[in-house]
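Heads up: the structure comes next, in structure tokens.
Read the numbers this way: they start at 1 and go in the same order the structure lists the ligands and their atoms. We count residues from 1, following the sequence as given. What's counted below: heavy atoms across the whole structure, side chains too, no hydrogens, waters or symmetry copies.
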Amino acid sequence: MVSLQNQKVKPYTGIEDVQRVGLAVATCAERVGRFGFVAKQLMLIEAGKMSSVANWEFKAALGRQLWESTLHWGIWRDRIAELRAHEHLIERHVEGPLQDLFQELLHSENDAELAEGLYAVILPAYRAALEKYNAETNPLVDQPTVRAVRHVLLDLDDHLAFGQTLLDAIERDQQAGLSAWGQHIKLYLDAAGGIDGTGPLRPAFELPAPRHRGDFRIPNSFARDARFSTTLPKINPFNETTVPEAMLSKMWVRSQEMTAAELCATVLFEWEDLPYAGYVDLARHCWDETRHSLFGQAALEAEGQPIETLPSWVGYAKHTLPAYPQKRYAHLAIATEANQMSYPGGKRGEWEWCKDKAQHALMTTYQDFDWADEVNHVAYGREWLIRYYCKGDRTKAQAMSDETVAERQAYYAQFADATKP
Ligand SMILES: [Fe+2]
Ligand SMILES: [Fe+2]
């Protein structure tokens with residue numbers, strides 16, 4: 001019989017330092033509450049800034065990071081409820097120095113300022129606060145938080161590694177001005193006692209004058225960096241006369257879905273009374289549309305057609321941003337996506353065309369997952385527009401969506417002559 005040398009097996013499931021006195025439950029709840037507030041603010045800033053960030057890669061990364069920040073907020077919300085505490089420990093920071101810190105970051109004036117505040121100051125401080133937490137709490141009694149911290153750190157490390165590429169890309173002659181902005185954000189962080197509140201508190205009277213005066217408003221256009229030329233109306237640079245050309249045309253359409261992602265980000269930022277699950281769905285919707293755009297970019301790149309050499313359509317900003325956020329979302333989730341579920345044609349039809357007609361292996365994979373995502377997007381529209389916002393009144397939701405279609409047609413009427421063959 002084979003037997004174990006029992007004393008050689010690691011005790012405490014592999015958890016070490018179990019006799020560390022650690023932190024009290026109330027202290028843990030207090031810090032987790034701050035982490036929750038930070039994650040929620042990161043979600044809001046990433047969503048509020050995505051459409052006005054010009055650099056294409058930064059924009060796409062915000063699409064991903066805002067979804068991951070939303071999930072992190074949920075992790076902290078769940079944990080706080082297990083620590084004899086309540087979500088109000090997160091929400092109460094809405095008045096106070098942590099809120100002021102994020103308001104300043106929200107008022108970054110360009111890509112480089114946002115990158116500096118986010119990746120050179122706030123995320124490194126968040127990372128350090130999480131590591132400090134795990135170094136101080138008892139790893140056995142507080143194992144669920146320790147595990148949560150480790151999982152959040154996995155994502156944060158990705159965000160920071162990406163962010164470093166942005167910081168490295170900052171023009172040298174602008175670095176001095178940017179350090180001043182970084183220092184400005186750092187002082188506001190100090191006034192909050194750091195991310196976790198354990199640092200010395202810098203008195204508010206020592207702070208530089210705030211950048212923010214009044215509410216932040218998302219600009220009424222979608223920014224593109226200097227590599228791109230934008231197009232209005234939506235004119236596909238490829239035609240459908242041959243299968244290879246029609247394939248390129250489909251790739252370009254995918255690549256332009258960044259506009260759908262930008263629309264989702266603006267809705268997430270402005271829709272104030274959504275339940276947590278609604279923010280998760282909107283954030284995911286944003287990241288899915290970002291990914292779809294990257295599918296198109298990657299497919300075009302493989303065909304020797306870099307995306308920045310092709311026209312970039314920015315139309316959604318023009319005809320949907322004037323509408324309130326729910327109506328704006330109805331244009332995407334009801335007027336556009338729900339119609340793509342019909343077959344023949346629709347999302348399934350696109351996938352079949354790539355698989356059977358064009359026999360393009362990579363686009364078949366892309367369209368397969370695009371179709372899977374789109375099924376979920378239609379469900380998000382049903383849940384948050386019809387059931388939640390319109391209280392189950394399908395006709396009201398449809399009317400809201402129909403109005404957006406009429407507004408889109410009215411907007412594009414001005415280009416009617418330009419688009420005639
Ligand atoms: Fe999509
Ligand atoms: Fe979609």
Determine whether the aromatic ring centres of H319 and Y412 lie less than 6.0 Å apart.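 Yes, the ring of H319 comes within the 6.0 Å limit of the ring of Y412, centre to centre.
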Centroid-centroid under 6.0 Å between W76 and F37 rings: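 No, they do not, as the ring centres are separated by 6.0 Å or more.
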Aromatic W351 / basic K355 pairing, under 6.0 angstrom, 45° off normal: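 Output yes; distance and angle both within limits.
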Ignoring hydrogens and angles, write down the donor-acceptor pairs under 3.5 Å from the side chains of residues 389-399, residues two or more places apart or on other chains.
unit_1: D393; atom_1: OD1; unit_2: T395; atom_2: N; d: 3.1
unit_1: D393; atom_1: OD1; unit_2: K396; atom_2: N; d: 3.0
unit_1: Q398; atom_1: NE2; unit_2: D402; atom_2: OD1; d: 3.0

Using residues 172-179 as the side-chain source, report each donor-acceptor pair under 3.5 Å to any protein atom, sequence neighbours left out, with the distance given to one decimal.
unit_1: S179; atom_1: OG; unit_2: Q175; atom_2: O; d: 2.7

Output every pair passing ring-ring contact (aromatic ring centres under 6.0 Å, His included) with a member in residues 159-190, not counting sequence neighbours, ordered by first then second residue.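 The answer is W181-H184, H184-Y188.
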Run through the protein N/O/S atoms less than 2.8 Å from the Fe ion (ligand 2) and write them out by chain and number.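 Sorted hits: E289 OE2, E337 OE2, E374 OE1, E374 OE2, H377 ND1.
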